[in-house]
Undergrad: 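Dropping a structure here in C-alpha coordinates format, bear with me for questions.
Please read these numbers as outputs of a predicted model, since none were measured by experiment.
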Amino acid sequence: MGPQLLTTIDQIAKEKGIDKNIIIDALEQALISAYRRNVANPNEHVKVEFDQVTGDIRVYALLEVVERLTQPDQQLSLEEAHEIDPNYELGDFHKEEVTPSDFGRVAAMTAKQVVTQKMREAERERIYNHFADKEDEIMTGIVERFDPRNLYIGLENNIEAVLTPNEQMPNESYQIHDRIKVYVTKVDSTTKGSGAAIQVSRTHPGLLRRLFELEVPEISNGTVDVMSVSREAGDRSKIAVHSDIVDPVGACVGPKGQRVQTIVDELNGEKIDIVRWSEDPKEFVRNALSPAQVVAVYVNEPAKSTTVVVPDYQLSLAIGKRGQNARLAAKLTGWKIDIKSETDAEALDLFDTFAEKVESEPEIVQNEIEQDLSDASVETAVVKEEE
(Lines give C-alpha, C1' and ligand atoms only; values in the text may rest on other atoms or scores of the structure.)
Protein backbone atom coordinates (compact mmCIF):
# COMPACT_ATOMS: atom_id res chain seq x y z
CA MET A 1 0.00 0.00 0.00
CA GLY A 2 2.84 2.42 0.79
CA PRO A 3 4.06 3.42 -2.68
CA GLN A 4 0.52 3.40 -4.10
CA LEU A 5 -0.75 5.72 -1.39
CA LEU A 6 2.19 8.05 -1.93
CA THR A 7 1.38 8.20 -5.64
CA THR A 8 -2.29 8.94 -4.92
CA ILE A 9 -1.43 11.75 -2.51
CA ASP A 10 1.05 13.27 -4.96
CA GLN A 11 -1.54 13.18 -7.76
CA ILE A 12 -4.24 14.78 -5.64
CA ALA A 13 -1.89 17.47 -4.38
CA LYS A 14 -0.82 18.32 -7.92
CA GLU A 15 -4.28 18.26 -9.52
CA LYS A 16 -6.03 20.21 -6.79
CA GLY A 17 -3.19 22.55 -5.92
CA ILE A 18 -3.19 21.40 -2.29
CA ASP A 19 -0.09 21.11 -0.13
CA LYS A 20 0.38 17.35 0.29
CA ASN A 21 1.41 17.91 3.92
CA ILE A 22 -2.19 18.94 4.59
CA ILE A 23 -3.37 15.58 3.27
CA ILE A 24 -0.72 13.66 5.21
CA ASP A 25 -1.52 15.45 8.46
CA ALA A 26 -5.20 14.70 7.98
CA LEU A 27 -4.41 11.07 7.22
CA GLU A 28 -2.30 10.69 10.35
CA GLN A 29 -5.05 12.16 12.53
CA ALA A 30 -7.67 9.90 10.98
CA LEU A 31 -5.50 6.82 11.47
CA ILE A 32 -5.15 7.67 15.15
CA SER A 33 -8.94 7.63 15.41
CA ALA A 34 -9.12 4.38 13.47
CA TYR A 35 -6.51 2.77 15.72
CA ARG A 36 -8.33 3.82 18.88
CA ARG A 37 -11.65 2.69 17.50
CA ASN A 38 -10.43 -0.74 16.37
CA VAL A 39 -7.47 -1.62 18.56
CA ALA A 40 -6.59 0.41 21.59
CA ASN A 41 -7.83 1.88 24.79
CA PRO A 42 -9.50 5.17 23.74
CA ASN A 43 -7.56 6.97 26.49
CA GLU A 44 -4.20 5.80 25.21
CA HIS A 45 -1.96 8.50 23.78
CA VAL A 46 -0.88 7.40 20.33
CA LYS A 47 0.84 8.92 17.34
CA VAL A 48 0.79 7.80 13.73
CA GLU A 49 3.75 8.56 11.49
CA PHE A 50 3.60 8.37 7.72
CA ASP A 51 6.94 7.87 6.00
CA GLN A 52 6.93 10.17 2.97
CA VAL A 53 9.76 8.21 1.37
CA THR A 54 8.49 4.63 1.66
CA GLY A 55 4.80 5.22 2.36
CA ASP A 56 5.00 3.03 5.47
CA ILE A 57 2.64 3.76 8.34
CA ARG A 58 3.62 3.12 11.95
CA VAL A 59 1.69 3.59 15.16
CA TYR A 60 3.41 4.63 18.39
CA ALA A 61 2.12 4.72 21.93
CA LEU A 62 3.27 7.87 23.72
CA LEU A 63 4.28 7.17 27.31
CA GLU A 64 4.82 10.19 29.51
CA VAL A 65 7.89 10.07 31.75
CA VAL A 66 6.72 10.52 35.36
CA GLU A 67 8.20 10.12 38.80
CA ARG A 68 5.45 7.80 40.07
CA LEU A 69 3.19 5.67 37.89
CA THR A 70 -0.56 6.26 38.21
CA GLN A 71 -1.63 5.15 34.71
CA PRO A 72 0.68 2.37 33.58
CA ASP A 73 -0.81 2.20 30.06
CA GLN A 74 0.02 5.87 29.48
CA GLN A 75 3.09 6.48 31.62
CA LEU A 76 6.69 5.37 32.05
CA SER A 77 8.62 5.77 35.29
CA LEU A 78 11.72 7.92 35.20
CA GLU A 79 13.77 4.91 36.25
CA GLU A 80 12.48 2.79 33.35
CA ALA A 81 12.94 5.68 30.98
CA HIS A 82 16.59 6.09 31.97
CA GLU A 83 17.15 2.42 31.21
CA ILE A 84 16.04 3.22 27.65
CA ASP A 85 17.72 6.59 27.32
CA PRO A 86 19.51 8.39 30.17
CA ASN A 87 18.63 11.74 28.57
CA TYR A 88 14.93 11.43 29.35
CA GLU A 89 13.53 13.98 31.79
CA LEU A 90 10.20 14.29 33.61
CA GLY A 91 7.49 15.34 31.18
CA ASP A 92 9.17 13.83 28.11
CA PHE A 93 7.36 11.26 25.99
CA HIS A 94 8.74 7.89 24.97
CA LYS A 95 7.56 6.44 21.68
CA GLU A 96 6.83 2.74 21.68
CA GLU A 97 5.76 1.15 18.41
CA VAL A 98 2.42 -0.62 18.67
CA THR A 99 1.53 -1.03 14.99
CA PRO A 100 -0.92 -3.96 14.69
CA SER A 101 -0.04 -6.69 12.21
CA ASP A 102 -3.21 -6.08 10.18
CA PHE A 103 -3.13 -2.32 10.43
CA GLY A 104 -2.42 -2.04 6.71
CA ARG A 105 -5.99 -3.09 5.95
CA VAL A 106 -7.43 -0.58 8.43
CA ALA A 107 -5.10 2.10 7.10
CA ALA A 108 -6.15 1.46 3.50
CA MET A 109 -9.86 1.81 4.28
CA THR A 110 -9.33 4.88 6.43
CA ALA A 111 -6.96 6.51 3.98
CA LYS A 112 -9.51 6.36 1.17
CA GLN A 113 -12.24 7.99 3.28
CA VAL A 114 -10.09 10.59 4.92
CA VAL A 115 -8.11 11.66 1.89
CA THR A 116 -11.39 12.30 0.06
CA GLN A 117 -12.90 14.20 2.97
CA LYS A 118 -9.88 16.33 3.74
CA MET A 119 -9.28 16.94 0.08
CA ARG A 120 -12.75 18.47 -0.12
CA GLU A 121 -12.16 20.57 2.97
CA ALA A 122 -8.83 21.81 1.69
CA GLU A 123 -10.39 22.51 -1.69
CA ARG A 124 -13.15 24.56 -0.06
CA GLU A 125 -10.61 26.53 1.92
CA ARG A 126 -8.44 27.11 -1.15
CA ILE A 127 -11.40 28.32 -3.18
CA TYR A 128 -12.67 30.51 -0.36
CA ASN A 129 -9.26 32.11 0.17
CA HIS A 130 -8.99 32.79 -3.55
CA PHE A 131 -12.49 34.24 -3.95
CA ALA A 132 -13.21 35.80 -0.55
CA ASP A 133 -12.26 39.24 -1.85
CA LYS A 134 -14.19 38.72 -5.10
CA GLU A 135 -17.63 39.27 -3.55
CA ASP A 136 -19.44 42.19 -5.22
CA GLU A 137 -17.04 41.99 -8.16
CA ILE A 138 -17.62 41.12 -11.79
CA MET A 139 -15.93 38.12 -13.40
CA THR A 140 -15.95 36.47 -16.79
CA GLY A 141 -16.89 32.81 -16.85
CA ILE A 142 -17.74 30.03 -19.27
CA VAL A 143 -20.94 27.99 -19.15
CA GLU A 144 -19.75 24.47 -18.36
CA ARG A 145 -22.79 22.38 -17.50
CA PHE A 146 -26.46 22.33 -16.51
CA ASP A 147 -28.62 20.40 -14.11
CA PRO A 148 -32.44 20.53 -13.95
CA ARG A 149 -32.28 23.84 -12.06
CA ASN A 150 -28.87 25.43 -11.97
CA LEU A 151 -26.24 26.60 -14.40
CA TYR A 152 -22.57 26.05 -13.56
CA ILE A 153 -20.08 28.68 -14.64
CA GLY A 154 -16.37 27.96 -14.89
CA LEU A 155 -14.29 30.77 -13.42
CA GLU A 156 -10.54 31.14 -13.12
CA ASN A 157 -8.40 28.29 -11.71
CA ASN A 158 -10.95 25.71 -12.90
CA ILE A 159 -13.40 26.70 -10.18
CA GLU A 160 -17.15 26.46 -10.71
CA ALA A 161 -19.78 28.95 -9.60
CA VAL A 162 -23.53 28.39 -9.36
CA LEU A 163 -26.02 30.49 -11.32
CA THR A 164 -29.44 29.68 -9.86
CA PRO A 165 -32.71 30.20 -11.79
CA ASN A 166 -33.51 33.41 -9.88
CA GLU A 167 -30.16 34.88 -10.91
CA GLN A 168 -30.55 34.03 -14.61
CA MET A 169 -31.88 36.70 -16.95
CA PRO A 170 -35.32 35.78 -18.30
CA ASN A 171 -34.48 36.98 -21.80
CA GLU A 172 -31.35 34.85 -22.12
CA SER A 173 -30.73 31.25 -23.12
CA TYR A 174 -27.36 29.72 -22.36
CA GLN A 175 -25.32 27.19 -24.26
CA ILE A 176 -22.32 25.17 -23.19
CA HIS A 177 -19.07 27.13 -23.78
CA ASP A 178 -20.89 30.50 -23.80
CA ARG A 179 -18.67 33.22 -22.31
CA ILE A 180 -20.60 35.53 -19.97
CA LYS A 181 -19.92 38.14 -17.31
CA VAL A 182 -21.33 37.42 -13.86
CA TYR A 183 -21.55 39.27 -10.56
CA VAL A 184 -20.23 37.39 -7.51
CA THR A 185 -22.90 37.67 -4.81
CA LYS A 186 -21.60 35.21 -2.20
CA VAL A 187 -18.61 33.02 -1.39
CA ASP A 188 -19.41 30.46 1.33
CA SER A 189 -16.76 28.09 2.71
CA THR A 190 -19.21 26.23 4.96
CA THR A 191 -21.22 24.62 2.18
CA LYS A 192 -20.98 20.83 1.98
CA GLY A 193 -19.64 19.32 -1.20
CA SER A 194 -16.50 19.36 -3.26
CA GLY A 195 -15.88 23.08 -3.11
CA ALA A 196 -16.85 26.41 -1.64
CA ALA A 197 -20.24 27.61 -2.87
CA ILE A 198 -19.65 30.58 -5.15
CA GLN A 199 -22.97 32.14 -6.09
CA VAL A 200 -23.11 34.47 -9.07
CA SER A 201 -25.80 36.56 -10.70
CA ARG A 202 -26.79 38.04 -14.03
CA THR A 203 -29.75 39.93 -12.54
CA HIS A 204 -28.15 41.80 -9.61
CA PRO A 205 -28.05 45.62 -9.91
CA GLY A 206 -24.37 45.39 -8.97
CA LEU A 207 -23.66 43.77 -12.33
CA LEU A 208 -24.83 46.91 -14.11
CA ARG A 209 -22.76 49.13 -11.83
CA ARG A 210 -19.61 47.05 -12.42
CA LEU A 211 -20.16 46.97 -16.18
CA PHE A 212 -20.24 50.76 -16.24
CA GLU A 213 -17.04 50.83 -14.17
CA LEU A 214 -15.40 48.60 -16.78
CA GLU A 215 -16.59 50.58 -19.79
CA VAL A 216 -16.42 54.17 -18.49
CA PRO A 217 -12.94 55.34 -17.46
CA GLU A 218 -14.42 58.39 -15.74
CA ILE A 219 -16.27 56.08 -13.34
CA SER A 220 -13.31 53.82 -12.63
CA ASN A 221 -11.05 56.81 -11.89
CA GLY A 222 -13.63 58.54 -9.69
CA THR A 223 -14.41 61.50 -11.94
CA VAL A 224 -18.00 60.27 -12.28
CA ASP A 225 -19.87 58.68 -9.37
CA VAL A 226 -22.61 56.09 -9.73
CA MET A 227 -25.13 57.24 -7.12
CA SER A 228 -27.82 54.58 -7.47
CA VAL A 229 -29.03 51.78 -9.71
CA SER A 230 -32.46 50.23 -10.20
CA ARG A 231 -32.95 47.25 -12.41
CA GLU A 232 -35.49 44.79 -13.73
CA ALA A 233 -33.09 42.42 -15.36
CA GLY A 234 -33.54 41.59 -18.99
CA ASP A 235 -36.01 44.39 -19.57
CA ARG A 236 -35.03 47.85 -18.30
CA SER A 237 -32.63 49.57 -15.92
CA LYS A 238 -31.94 53.07 -14.66
CA ILE A 239 -28.62 54.38 -13.39
CA ALA A 240 -28.07 57.76 -11.73
CA VAL A 241 -24.67 59.42 -12.17
CA HIS A 242 -23.06 62.59 -10.87
CA SER A 243 -19.94 64.65 -11.48
CA ASP A 244 -18.81 68.18 -10.68
CA ILE A 245 -16.11 67.99 -13.36
CA VAL A 246 -17.53 66.47 -16.55
CA ASP A 247 -20.91 65.73 -18.08
CA PRO A 248 -21.66 62.41 -16.35
CA VAL A 249 -24.38 61.33 -18.75
CA GLY A 250 -22.24 62.03 -21.82
CA ALA A 251 -19.30 60.17 -20.29
CA CYS A 252 -21.46 57.08 -19.71
CA VAL A 253 -23.02 57.19 -23.16
CA GLY A 254 -19.63 57.53 -24.83
CA PRO A 255 -18.74 58.57 -28.38
CA LYS A 256 -21.67 57.71 -30.64
CA GLY A 257 -23.16 55.75 -27.76
CA GLN A 258 -20.48 53.09 -27.93
CA ARG A 259 -19.88 52.71 -24.20
CA VAL A 260 -23.46 52.17 -23.18
CA GLN A 261 -24.16 50.06 -26.27
CA THR A 262 -21.42 47.66 -25.22
CA ILE A 263 -23.22 47.21 -21.90
CA VAL A 264 -26.59 46.81 -23.62
CA ASP A 265 -25.10 44.09 -25.81
CA GLU A 266 -23.61 42.31 -22.78
CA LEU A 267 -27.07 42.34 -21.15
CA ASN A 268 -28.73 40.97 -24.28
CA GLY A 269 -30.58 44.13 -25.25
CA GLU A 270 -31.67 45.33 -21.81
CA LYS A 271 -32.79 48.97 -22.11
CA ILE A 272 -30.77 51.39 -19.97
CA ASP A 273 -31.74 54.92 -18.91
CA ILE A 274 -28.82 57.06 -17.75
CA VAL A 275 -29.99 60.02 -15.67
CA ARG A 276 -28.28 62.88 -13.90
CA TRP A 277 -28.42 62.63 -10.12
CA SER A 278 -29.37 65.67 -8.07
CA GLU A 279 -29.57 66.34 -4.36
CA ASP A 280 -32.78 68.25 -5.11
CA PRO A 281 -35.52 65.57 -5.00
CA LYS A 282 -37.72 67.50 -7.44
CA GLU A 283 -35.01 67.51 -10.06
CA PHE A 284 -33.89 63.96 -9.34
CA VAL A 285 -37.43 62.55 -9.60
CA ARG A 286 -37.99 64.54 -12.79
CA ASN A 287 -34.84 63.08 -14.31
CA ALA A 288 -35.59 59.57 -13.08
CA LEU A 289 -38.93 59.47 -14.90
CA SER A 290 -37.21 59.95 -18.25
CA PRO A 291 -38.12 59.57 -21.07
CA ALA A 292 -41.41 61.11 -19.88
CA GLN A 293 -41.77 64.88 -19.64
CA VAL A 294 -42.76 66.31 -16.27
CA VAL A 295 -44.93 69.40 -15.66
CA ALA A 296 -44.47 69.67 -11.90
CA VAL A 297 -43.10 67.79 -8.91
CA TYR A 298 -44.52 68.27 -5.42
CA VAL A 299 -42.40 66.99 -2.55
CA ASN A 300 -43.56 65.87 0.90
CA GLU A 301 -40.35 65.59 2.88
CA PRO A 302 -41.73 63.95 6.06
CA ALA A 303 -43.43 61.20 4.06
CA LYS A 304 -40.53 61.00 1.58
CA SER A 305 -43.07 61.01 -1.18
CA THR A 306 -43.66 63.02 -4.33
CA THR A 307 -46.63 63.81 -6.52
CA VAL A 308 -45.68 64.24 -10.16
CA VAL A 309 -47.83 65.88 -12.82
CA VAL A 310 -47.27 64.99 -16.47
CA PRO A 311 -49.02 65.98 -19.71
CA ASP A 312 -52.03 63.79 -20.45
CA TYR A 313 -50.39 62.26 -23.48
CA GLN A 314 -47.28 61.41 -21.44
CA LEU A 315 -49.10 59.58 -18.62
CA SER A 316 -48.70 56.07 -20.01
CA LEU A 317 -45.04 56.75 -20.85
CA ALA A 318 -44.35 58.08 -17.35
CA ILE A 319 -45.98 55.07 -15.71
CA GLY A 320 -44.51 52.63 -18.20
CA LYS A 321 -45.58 49.14 -19.14
CA ARG A 322 -47.10 47.47 -16.07
CA GLY A 323 -45.87 50.46 -14.04
CA GLN A 324 -42.25 49.70 -14.76
CA ASN A 325 -40.96 53.22 -15.44
CA ALA A 326 -42.48 54.64 -12.27
CA ARG A 327 -41.35 51.63 -10.24
CA LEU A 328 -37.76 51.90 -11.43
CA ALA A 329 -37.74 55.67 -10.83
CA ALA A 330 -38.96 55.14 -7.26
CA LYS A 331 -36.24 52.56 -6.60
CA LEU A 332 -33.62 54.81 -8.16
CA THR A 333 -34.53 57.90 -6.14
CA GLY A 334 -35.70 56.30 -2.91
CA TRP A 335 -38.86 58.46 -3.06
CA LYS A 336 -42.46 57.33 -3.42
CA ILE A 337 -43.85 58.64 -6.70
CA ASP A 338 -47.53 59.25 -7.41
CA ILE A 339 -48.07 60.21 -11.05
CA LYS A 340 -51.08 62.21 -12.21
CA SER A 341 -52.07 63.67 -15.56
CA GLU A 342 -52.61 67.43 -15.95
CA THR A 343 -56.35 66.84 -16.35
CA ASP A 344 -56.54 64.89 -13.08
CA ALA A 345 -54.35 67.43 -11.31
CA GLU A 346 -56.65 70.29 -12.39
CA ALA A 347 -59.77 68.32 -11.44
CA LEU A 348 -58.34 67.79 -7.98
CA ASP A 349 -57.21 71.42 -7.73
CA LEU A 350 -53.75 70.01 -7.16
CA PHE A 351 -51.93 73.10 -8.37
CA ASP A 352 -53.87 75.43 -6.07
CA THR A 353 -53.78 73.01 -3.13
CA PHE A 354 -50.05 72.64 -3.19
CA ALA A 355 -49.50 76.32 -3.82
CA GLU A 356 -51.53 77.11 -0.69
CA LYS A 357 -49.55 74.57 1.36
CA VAL A 358 -46.29 76.05 0.22
CA GLU A 359 -47.39 79.44 1.45
CA SER A 360 -48.76 78.20 4.77
CA GLU A 361 -46.54 75.19 5.51
CA PRO A 362 -43.22 75.66 3.70
CA GLU A 363 -41.39 73.41 6.19
CA ILE A 364 -43.65 70.46 5.38
CA VAL A 365 -44.30 70.69 1.66
CA GLN A 366 -41.76 72.06 -0.75
CA ASN A 367 -43.15 72.96 -4.12
CA GLU A 368 -41.90 74.32 -7.36
CA ILE A 369 -44.45 74.52 -10.15
CA GLU A 370 -42.87 74.63 -13.55
CA GLN A 371 -45.59 74.50 -16.18
CA ASP A 372 -43.55 75.85 -19.03
CA LEU A 373 -41.29 73.04 -20.18
CA SER A 374 -39.99 74.85 -23.22
CA ASP A 375 -36.89 75.93 -21.29
CA ALA A 376 -36.65 72.84 -19.09
CA SER A 377 -33.63 70.69 -19.76
CA VAL A 378 -33.70 67.17 -18.34
CA GLU A 379 -30.30 65.69 -18.99
CA THR A 380 -30.99 62.03 -19.66
CA ALA A 381 -29.91 59.42 -22.11
CA VAL A 382 -32.29 56.66 -23.07
CA VAL A 383 -30.98 53.60 -24.84
CA LYS A 384 -33.51 51.86 -27.10
CA GLU A 385 -36.60 53.81 -26.05
CA GLU A 386 -39.85 51.96 -25.47
CA GLU A 387 -41.79 51.22 -28.58
Side-chain angles (χ1 to χ4, degrees), residues 169-171 203-209 212 226-242 248-249 252 260 264 267 269-351 353-354 357 365-371 373 376-387:
M169 289 174 58
N171 64 329
T203 63
H204 197 285
L207 177 64
L208 186 65
R209 180 187 294 267
F212 270 94
V226 176
M227 306 303 291
S228 60
V229 175
S230 61
R231 186 177 182 214
E232 295 189 1
D235 195 355
R236 193 180 199 100
S237 298
K238 290 180 182 286
I239 181 169
V241 292
H242 170 71
V249 175
C252 292
V260 71
V264 170
L267 298 180
E270 183 174 314
K271 304 175 186 71
I272 302 173
D273 299 347
I274 307 171
V275 304
R276 182 184 290 270
W277 175 87
S278 174
E279 62 181 355
D280 180 354
K282 295 186 292 297
E283 183 180 353
F284 192 16
V285 168
R286 179 194 301 278
N287 294 351
L289 283 171
S290 170
Q293 294 178 327
V294 174
V295 173
V297 178
Y298 304 99
V299 176
N300 186 334
E301 288 275 5
K304 202 171 177 60
S305 65
T306 63
T307 300
V308 177
V309 180
V310 300
D312 289 18
Y313 71 94
Q314 291 272 302
L315 182 62
S316 61
L317 182 61
I319 295 173
K321 297 177 182 177
R322 300 178 298 278
Q324 184 186 66
N325 194 57
R327 188 166 56 248
L328 286 172
K331 289 180 182 178
L332 189 74
T333 61
W335 287 77
K336 296 179 183 177
I337 300 177
D338 181 18
I339 302 176
K340 297 188 180 301
S341 67
E342 283 186 291
T343 299
D344 288 341
E346 290 171 356
L348 295 170
D349 293 326
L350 196 60
F351 296 110
T353 299
F354 274 90
K357 286 186 177 182
V365 181
Q366 300 178 20
N367 169 26
E368 181 179 332
I369 302 177
E370 296 169 298
Q371 299 190 40
L373 291 178
S377 175
V378 180
E379 297 186 68
T380 57
V382 181
V383 180
K384 294 186 177 180
E385 296 203 12
E386 294 185 35
E387 297 177 357

Undergrad: Between the side chain of N171 and the main-chain N/O of G234, is any donor-acceptor distance below 3.5 Å?
TA: yes
Undergrad: Taking NZ, NE, NH1 and NH2 as the nitrogens, is one of them in E283 or R276 under 4.0 Å from a carboxylate oxygen of the other?
TA: no
Undergrad: Looking at S305 and K336, would you say the former's side chain and the latter's main chain have a donor-acceptor pair under 3.5 Å?
TA: no
Undergrad: Working to the nearest 0.5 Å, report the span between CG of L267 and CG of L208.
TA: 6.5 Å
Undergrad: Side chains of V226 and I239, heavy atoms from C-beta outward: is any pair under 4.5 Å?
TA: yes
Undergrad: Do N287 side-chain atoms and W277 backbone N/O form a donor-acceptor pair below 3.5 Å?
TA: no
Undergrad: With sequence neighbours left out, write down each residue that passes salt bridge (charged side-chain N to carboxylate O under 4.0 Å, His left out) with D338, or none if nothing qualifies.
TA: K340
Undergrad: Verify, without hydrogens or angle tests, whether K331 (side chain) and R231 (backbone) share a donor-acceptor contact under 3.5 angstrom.
TA: no
Undergrad: Could you list the residues that satisfy side-chain hydrogen bond (donor to acceptor under 3.5 Å, both in side chains) with E232, not counting sequence neighbours?
TA: Q324, R327
Undergrad: Which pair of non-hydrogen atoms, one from P302 and one from N300, has the smallest distance, and what is that distance?
TA: CD-OD1, 3.0 Å
Undergrad: When rounded to the nearest 0.5 angstrom, what is the spacing between CG in L317 and CG in L289?
TA: 9.5 Å
Undergrad: Where do A288 and A329 come nearest, in terms of heavy atoms and distance?
TA: O-CB, 3.6 Å
Undergrad: May I ask you to test the E279-H242 pair for a side-chain heavy-atom distance under 4.5 Å?
TA: no
Undergrad: Verify, without hydrogens or angle tests, whether T306 (side chain) and V308 (backbone) share a donor-acceptor contact under 3.5 angstrom.
TA: no
Undergrad: Will you find, in the side chains of Y313 and E342, an N or O donor that is under 3.5 Å from an N or O acceptor?
TA: no
Undergrad: From W335 CH2 over to E301 CD, what is the distance, rounded to the nearest 0.5 angstrom?
TA: 4.0 Å
Undergrad: Does T203 have any side-chain hydrogen bond (donor to acceptor under 3.5 Å, both in side chains) partners at least two apart in sequence or in another chain, and if so, which?
TA: E167, S201
Undergrad: For the OG1 atom of T307 and the CD1 atom of I337, what is their distance to the nearest 0.5 Å?
TA: 10.5 Å
Undergrad: Any side-chain heavy atom of I274 within less than 4.5 Å of one from F212?
TA: yes
Undergrad: Between S290 and A292, is there a donor-acceptor pair closer than 3.5 Å when you use the side chain of the first and the backbone of the second?
TA: no
Undergrad: With no hydrogens and no angle check, do the side chains of D312 and T343 hold a donor and an acceptor under 3.5 Å apart?
TA: yes
Undergrad: How close do P248 and V241 get, counting heavy atoms only, and between which atoms?
TA: CB-CG2, 3.6 Å
Undergrad: Roughly how far, to the nearest 0.5 Å, is OG of S237 from CD1 of I272?
TA: 6.0 Å
Undergrad: Is there a side-chain contact between I339 and V310, using heavy atoms and a 4.5 Å cut-off?
TA: yes
Undergrad: Which pair of non-hydrogen atoms, one from L332 and one from S228, has the smallest distance, and what is that distance?
TA: O-OG, 2.9 Å
Undergrad: Evaluate the side-chain proximity of V295 to P311: yes if any heavy-atom separation is below 4.5 Å, no if none is.
TA: yes
Undergrad: Taking atom CD of Q293 and atom CD of Q314, what is their separation to the nearest 0.5 Å?
TA: 4.5 Å
Undergrad: Looking only at non-hydrogen atoms, find the nearest pair between R236 and L328 and report the distance.
TA: O-CD1, 3.7 Å
Undergrad: At their closest point, which heavy atom of F284 faces which heavy atom of S278, and how far apart are they?
TA: CB-O, 3.5 Å
